[in-house]
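Since the model is a prediction, treat every value here as computed from it, not as a measurement.
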Amino acid sequence: MITFQLINMKKELNDNWDYSSSLEAINHIQLKKKYTLFIDGKWIAPSKNTYFKTINPANEETLAEIASASKEDVDLAVKAARKAYTNVWSKMPASERAKYIYRIARLMQERAREFAVIESLESGKTIRESRDVDIPLACNHFFYYAGWADKLDYAFPNRKIESLGVAGQIIPWNFPLLMAAWKIAPALAAGNTVVLKPAETTSLTALKLAEIIEESGLPPGVVNIVTGFGETGAAIVNHPDINKIAFTGSTAVGKIIQKALVGTSKKVTLELGGKSANIIFEDAPIDQAVEGIVNGIFFNQGHVCCAGSRLYVQEGIAEKVIKKLKQRMESLYVGDPLDKNTDIGAINSKEQLQTIEKYLKIGMDEGAEMYQPKCAIPKKGFYCAPTLFLNVAQSSIIAQEEIFGPVLTIQTFRTVDEVIQKANNSPFGLAAGVWTDKGSRIFNLTSKLRAGVIWANCYNKFDPTSPFGGYKESGFGREGGLHGLSAYLKLS
Ligand code: ADP
């Protein structure tokens with residue numbers, strides 16, 4: 001009787017769950033109306049004088065105008081990067097290079113709140129994520145790689161170490177500043193110069209980073225930031241004087257890039273899509289696992305290439321896990337990314353929302369059972385309620401293709417061998433999660449799951465010291481840690 005009353009009380013609490021809004025202030029941030037290109041340490045208007053608008057996906061209002069770099073602009077940036085590499089950066093003592101990278105890290109840290117707000121305004125991710133995860137991690141990447149810059153001989157003992165030259169780097173919209181840090185910091189520490197292109201819907205924090213780079217006194221041309229769409233990216237990929245391409249984005253564009261680079265001497269790393277399995281065994285700590293599932297797919301709107309988008313639950317606990325998961329989903333708050341209570345912010349663009357909605361329809365047409373909590377969704381802006389699909393076949397499109405939204409498919413399994421087969425039955429192999437009480441089982445699975453990163457009893461945990469990257473169509477090469485550094489070096 002008492003238990004029954006408690007359950008009812010909890011249910012009432014959940015039904016009436018509401019917080020007063022707690023909006024992050026935006027009056028301290030400074031955005032220009034129009035952003036030009038950052039080339040050779042100067043702000044340069046695009047040669048064709050073309051600009052595009054970047055909007056806030058939470059309310060569809062314009063934030064700024066961004067320059068669209070042409071092939072000629074990219075050429076200018078590559079020339080500046082080559083000149084800086086040959087004349088300055090490659091000749092500078094490594095300990096001096098390190099000082100600049102430390103300085104960038106410290107300046108970023110000082111302006112962390114401003115970066116977090118701009119990141120949330122433009123990408124739609126919650127302020128909680130950008131403030132507590134993205135920006136601190138981005139700073140940490142600069143700190144971490146600054147530490148290696150003058151210790152390359154210790155990082156790779158008994159090897160001949162040479163930098164590569166000019167690195168062309170193309171990044172996506174899901175972790176705009178963090179991806180820029182993942183790319184720029186190891187490239188600089190290894191002694192290379194950089195031409196970086198942010199994604200067209202999220203250019204602002206990369207441009208703010210350019211302001212910090214300017215302030216840090218980094219020699220002109222060492223880092224160049226060119227903004228624009230796919231053609232700008234393609235101009236970087238196809239430029240003959242680039243030595244290394246680092247790309248993070250969709251598998252489709254990754255394949256185009258790989259084809260374009262065949263027969264060239266350019267070194268390449270590709271970090272592409274994912275459809276990662278989150279596996280819950282009967283002996284798992286269920287409440288923590290449910291929180292891990294939510295963290296793995298719903299926080300950050302599912303805009304994570306390693307999102308735990310396929311859930312595999314051992315049969316004996318499936319009913320319990322699904323019930324708890326639905327309860328937890330009822331309390332998720334979808335709304336303004338700048339509200340500190342928000343769990344699920346805005347989808348990054350209208351196009352991405354349409355893609356997610358297309359998959360929701362496919363899931364229902366395939367006969368899966370869809371569940372969405374009764375959460376309020378703002379009328380303006382691009383939002384998607386957290387979604388579960390039950391009764392999903394392994395071969396169904398929603399279990400095989402990357403959706404890149406807060407959408408989770410759920411399947412059950414009985415044995416370890418069965419779940420290994422199911423988890424590996426995917427064109428992707430970026431990440432996986434394993435929830436169990438048994439260390440031996442974790443080690444067994446980590447050696448058999450074809451995924452670049454495997455989290456045990458947690459999900460989506462990142463650290464600059466640990467490598468990240470995929471198998472199969474999730475790409476190749478590693479970023480982070482020493483592996484990430486070696487990707488910017490010629491080691492012999
Ligand atoms: P997503 O689906 O995550 O947006 P994309 O692969 O479309 O991923 O975009 C990732 C990055 O690649 C963006 O900066 C985008 O502008 C760039 N890009 C798109 N098409 C090309 C291309 N053909 N060559 C090089 N870069 C491209």
Side-chain angles (χ1 to χ4, degrees), residues 172 174 182 246-255 257-258 268-281 284 289 292-293 295-297 302 304-314 389 392-404 407-436 438-463 465-484 486-487:
N174 58 341
W182 276 27
F247 172 78
T248 300
S250 62
T251 297
V253 174
K255 285 181 181 174
I257 292 178
Q258 203 178 355
V268 60
T269 41
L270 300 175
E271 201 261 281
L272 310 176
K275 191 77 183 175
S276 301
N278 210 354
I279 302 167
I280 322 287
F281 284 94
I293 297 163
N295 176 31
I297 183 69
V304 187
C305 38
C306 53
S309 50
R310 288 185 293 152
L311 178 65
Y312 291 99
V313 192
Q314 205 163 12
F389 274 113
V392 175
Q394 179 72 24
S395 58
S396 63
I397 291 172
I398 53 165
Q400 289 289 327
E401 295 187 8
E402 185 178 42
I403 300 174
F404 227 68
V407 182
L408 180 68
T409 61
I410 305 187
Q411 291 175 265
T412 58
F413 68 93
R414 288 184 187 168
T415 65
V416 173
D417 287 346
E418 179 191 348
V419 79
I420 290 172
Q421 272 199 21
K422 282 182 164 166
N424 285 341
N425 179 348
S426 163
F428 300 104
L430 194 53
V434 180
W435 298 80
T436 172
K438 291 191 183 52
S440 57
R441 187 179 277 153
I442 291 169
F443 285 115
N444 180 24
L445 264 85
T446 46
S447 62
K448 292 184 180 140
L449 290 172
R450 302 272 296 150
V453 180
I454 300 174
W455 286 289
N457 294 325
C458 62
Y459 206 90
N460 268 349
K461 299 285 172 209
F462 293 96
D463 190 285
T465 63
S466 102
F468 182 89
Y471 281 74
K472 300 190 271 185
E473 294 209 0
S474 293
F476 49 79
R478 296 289 177 265
E479 293 185 298
L482 282 184
H483 295 68
S486 67

G302 to A307 - nearest heavy-atom pair and separation: O-CB, 4.2 Å
Gap separating the CD1 atom of I397 from the OG1 atom of T409, nearest 0.5 angstrom: 13.0 Å
Salt bridge (Lys or Arg N to Asp or Glu O under 4.0 Å) pairs, two or more places apart, involving residues 408-424: E315-R414, E418-K422
Set of residues satisfying ring pair (Phe, Tyr, Trp, His ring centres under 6.0 Å) with respect to W182, sequence neighbours excluded: H141, F468
Partners meeting side-chain contact (heavy atoms from CB on, under 4.5 Å) with I410 (sequence neighbours left out): L311, V313, I322, L325, L388, L390, L408
Pairwise distance CD1(I420) to CD1(I279) - rounded to 0.5 angstrom: 7.5 Å
T248: side-chain hydrogen bond (donor to acceptor under 3.5 Å, both in side chains) partners, not counting sequence neighbours: K183
Test side-chain hydrogen bond (donor to acceptor under 3.5 Å, both in side chains) applied to E401 - qualifying residues, sequence neighbours left out: Y359
Partners passing side-chain hydrogen bond (donor to acceptor under 3.5 Å, both in side chains) against N278 (at least two apart in sequence or in another chain): W435
Non-hydrogen atoms of A423 and S426 that approach each other most closely: O-CB, 4.1 Å
L272 side chain reached by F428 side chain, heavy atoms, under 4.5 Å: no
Pairs where residues 442-457 contributes a residue and the test side-chain hydrogen bond (donor to acceptor under 3.5 Å, both in side chains) is met, not counting sequence neighbours: N444-K448
Qualifying residues under side-chain contact (heavy atoms from CB on, under 4.5 Å), relative to A456, sequence neighbours excluded: I442
Reported CG-to-NZ distance for the pair L445 and K438, which is rounded to 0.5 angstrom: 12.5 Å
OG on S309 to CD1 on I293, rounded to 0.5 Å: 12.5 Å
Partners meeting salt bridge (charged side-chain N to carboxylate O under 4.0 Å, His left out) with K461 (sequence neighbours left out): none
Pairs touching residues 465-476 that satisfy side-chain hydrogen bond (donor to acceptor under 3.5 Å, both in side chains), sequence neighbours left out: K255-E473, D463-T465
Least distance between heavy atoms, A487 atom then T269 atom: CB-CG2, 4.0 Å
Y459 side chain near S276 side chain, heavy-atom distance below 4.5 Å: yes
Minimum heavy-atom distance between R478 and G452, given as atom pair plus value: NH2-CA, 4.1 Å
Chi angles and distances behind the side chain to side chain contact (heavy atoms under 4.5 Å, CB included) call for F247, E271: CA-CA 6 Å; F247 172 78; E271 201 261 281; over 6 Å; no
Residue pair L270 / I257, side-chain heavy-atom distance below 4.5 Å: yes
Stepwise side chain to side chain contact (heavy atoms under 4.5 Å, CB included) check, L449 with N424: CA-CA 6 Å; L449 290 172; N424 285 341; 4.0 Å; yes
Chi angles and distances behind the side chain to side chain contact (heavy atoms under 4.5 Å, CB included) call for L430, C305: CA-CA 8 Å; L430 194 53; C305 38; 3.7 Å; yes
V416 versus F281, closest heavy-atom pair with distance: CG2-CE2, 3.9 Å
Point-to-point distance, once rounded to the nearest 0.5 Å, from CD of Q400 to CG of N425: 5.0 Å
Within-4.5 Å side-chain heavy-atom neighbours: I403 and K275: yes
V268 and Q258: CA distance, side-chain angles, deciding distance, side chain to side chain contact (heavy atoms under 4.5 Å, CB included) verdict: CA-CA 8 Å; V268 60; Q258 203 178 355; 5.7 Å; no
Contacts of Y312 that satisfy side-chain hydrogen bond (donor to acceptor under 3.5 Å, both in side chains) - sequence neighbours left out: R310, Q394, Q411
